[in-house]
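Working notes, structure below.
Heads up: numbering here begins at 1 and tracks the sequence. This one's a predicted model, so the numbers in the text were calculated from it and none came from an experiment.
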Amino acid sequence: MALLGKMAVLFIYMMLGYFCYKKGYLDAKASKTISFVVLNLASPALVISGTVNRSGDIEGGLLPTVLATIGLYIGLIIVSIFMPYLIGAPAKNRGIYRLMTIFSNIGFMGFPVVQAMFGDDALLHVAIFQIPYNLLIYSYGIYELTKGQPDENGEKTSFQWKKLINVGMIASIVTIILYAARVETPAFFNETCAGLGALTAPLSMIVIGTALAKIPLKSLFTDVRLIFFTALKLLVIPILGMGIARLLLKDQMLLGVVMVMIATPVGSMTAMLAEQYGGDTELTSRGVALSTLLSVLTIPLVGMITL
């Protein structure tokens, strides 16, 4: 029930964004600005605050988290290979469904949910999950969207390493270094990170709410294939995945983080990449919107079943 209450708070934030966009208090430009603040200030500060404000060391060190991260993404990639065929997706959309299977919204929703459930101590786990996430989405993700397709100049799209150098990646690496080196940071720095990090949950959910407001809600519930995919993404995969995780992991906090990493909705980055690299932007946007809306109920449900 505690998790349901936390998700209810995030849902209220999301509905505030939805309402403000519908009423004209927020527009696309304001939403983009808020998104910039979350991605480049609030969320990185939240990641770092998970180390500088933590109450103690992680029992057993970080190796179990690293192994869980590797196992999770290998598993999701394997599942994503079969997902398009399981739901009967047309060939042109198979890459999109693979991306939506692998990449969840750990930036906008994962960090706030984990913090709400387990406090700052759990954020270091999420920082480790974010590193391969960035590596994969800017390599494998782009590959799935562009394989066989030329760019605007008629040339084959190539992978750009510079895409991996972003604020989220840097914050994750800095967090791990601070933890490993046991650096004592000054109080004003810790307070600044905590203050900025506290903005992540409300602002990120407001952005998601504005994104929902741009899509007719009726269209989310008329695509049978997308509904089937969302049920697999939010319920079947997390429950089965957690069944495996419970056999291999003993730390309850790490199990909770893994649950959130699997159960969070489709990542908004999939829609951004689809728009940039010629994918089906409408499908990804509806996938993000439907899974986000339903995750308010499915994340607590998965938590009740698996934790």
Side-chain angles (χ1 to χ4, degrees), residues 3-22 26 28 31-32 34-35 38-39 42-43 76 83 87 96-97 99-117 126 129-130 133 137 141 200-223 225-238 259-275 279-303:
L3 178 55
L4 183 60
K6 299 296 185 182
M7 293 304 299
V9 172
L10 296 180
F11 180 76
I12 291 172
Y13 291 151
M14 184 167 61
M15 288 299 98
L16 286 173
Y18 182 93
F19 174 80
C20 288
Y21 189 89
K22 285 292 188 181
L26 290 174
S31 178
K32 186 175 181 180
I34 296 173
S35 180
V38 173
L39 286 173
S43 184
L76 288 175
M83 179 67 82
I87 64 175
I96 291 291
Y97 278 108
L99 260 63
M100 292 197 297
T101 300
I102 299 169
F103 300 110
S104 300
N105 207 347
I106 67 173
F108 277 104
M109 184 170 280
F111 278 105
V113 172
V114 167
Q115 186 192 39
M117 288 176 61
V126 189
F129 277 91
Q130 191 175 45
Y133 183 100
I137 199 166
T200 304
L203 291 185
S204 63
M205 297 308 296
I206 285 172
V207 169
I208 292 173
T210 63
L212 276 173
K214 301 172 188 176
I215 301 172
L217 292 181
K218 183 179 178 180
S219 70
L220 301 181
F221 300 97
T222 55
D223 188 334
R225 181 180 293 115
L226 185 61
I227 293 173
F228 184 32
F229 165 79
T230 304
L232 294 174
K233 165 76 176 172
L234 296 183
L235 290 174
V236 177
I237 293 175
M259 187 277 291
V260 175
M261 295 298 97
I262 307 177
T264 43
V266 175
S268 54
M269 276 299 298
T270 58
M272 297 179 194
L273 284 181
E275 183 172 4
D280 191 333
T281 307
E282 181 183 350
L283 174 60
T284 50
S285 297
R286 286 191 287 113
V288 171
L290 179 61
S291 60
T292 299
L293 199 59
L294 296 180
S295 68
V296 176
L297 296 175
T298 58
I299 290 177
L301 179 59
V302 172

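The distance from the CD1 atom of I227 to the CG atom of L220 is 8.5 Å, given to the nearest 0.5 Å. Once rounded to the nearest 0.5 Å, the distance linking CD1 of I87 with OG1 of T101 reads 7.0 Å. Note that CG of L217 is 10.0 Å distant from CG of L290, once rounded to the nearest 0.5 Å. In this structure, CD1 on I137 lies 9.5 Å from CD1 on I102, to the nearest 0.5 angstrom. Between Y13 atom OH and I208 atom CD1 the span is 13.0 Å, to the nearest 0.5 Å. Between the CE atom in M7 and the CE atom in M117 there is a gap of 10.0 Å [rounded to 0.5 Å].
Side-chain contact between Y97 and T270: absent, with no pair of heavy atoms (C-beta onward) separated by less than 4.5 Å. Counting only heavy atoms from C-beta outward, the side chains of M15 and M205 never approach each other to under 4.5 Å. Side-chain contact between S43 and S204 is absent, with no heavy atoms from C-beta onward closer than 4.5 Å. No side-chain heavy atom of T200 sits under 4.5 Å from any side-chain heavy atom of Q115. Two residues are said to be in side-chain contact when any heavy atoms from C-beta on lie closer than 4.5 Å; I34 and L26 meet this criterion. Looking only at side-chain heavy atoms (C-beta outward), I262 and I237 come within less than 4.5 Å of each other. The shortest distance between side-chain heavy atoms of F229 and V266 falls below 4.5 Å. Looking at heavy atoms from C-beta onward, V126 lies out of side-chain contact with V260 at the 4.5 angstrom threshold.
For K22, the side-chain contact (heavy atoms from CB on, under 4.5 Å) partners at least two apart in sequence or on another chain are Y18, A213. Residues that satisfy the side-chain contact (heavy atoms from CB on, under 4.5 Å) test with A211, not counting sequence neighbours, are absent from this structure. In this view, S31 and T210 satisfy the side-chain hydrogen bond (donor to acceptor under 3.5 Å, both in side chains) rule, not counting sequence neighbours. Applying the side-chain hydrogen bond (donor to acceptor under 3.5 Å, both in side chains) test to T264 and every residue at least two apart in sequence or in another chain returns nothing. With sequence neighbours left out, the side-chain contact (heavy atoms from CB on, under 4.5 Å) criterion links L301 to L235, I305. Checked against ring pair (Phe, Tyr, Trp, His ring centres under 6.0 Å), Y133 has the following partners two or more places apart in sequence or in another chain: F103. Partners of S104 according to the side-chain hydrogen bond (donor to acceptor under 3.5 Å, both in side chains) rule, which considers only residues two or more places apart in sequence or in another chain, are K233. Applying the side-chain contact (heavy atoms from CB on, under 4.5 Å) rule to L39 yields the partners S35, F108; only residues at least two apart in sequence or on another chain are considered.
Atom NZ of K214 has more than 12 neighbouring heavy atoms from other residues, nucleotides or ligands inside a 6.0 Å radius.
Residue pairs satisfying the side-chain hydrogen bond (donor to acceptor under 3.5 Å, both in side chains) criterion with at least one member in residues 281-295, sequence neighbours excluded, are listed as follows: D223-R286.
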Decide yes or no on side chain to side chain contact (heavy atoms under 4.5 Å, CB included) for L226 and L283, but give the supporting numbers first. CA-CA 9 Å; L226 185 61; L283 174 60; 4.3 Å; yes
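Closest approach of V302 to P238, counting heavy atoms only: CG1-CB, 3.8 Å.
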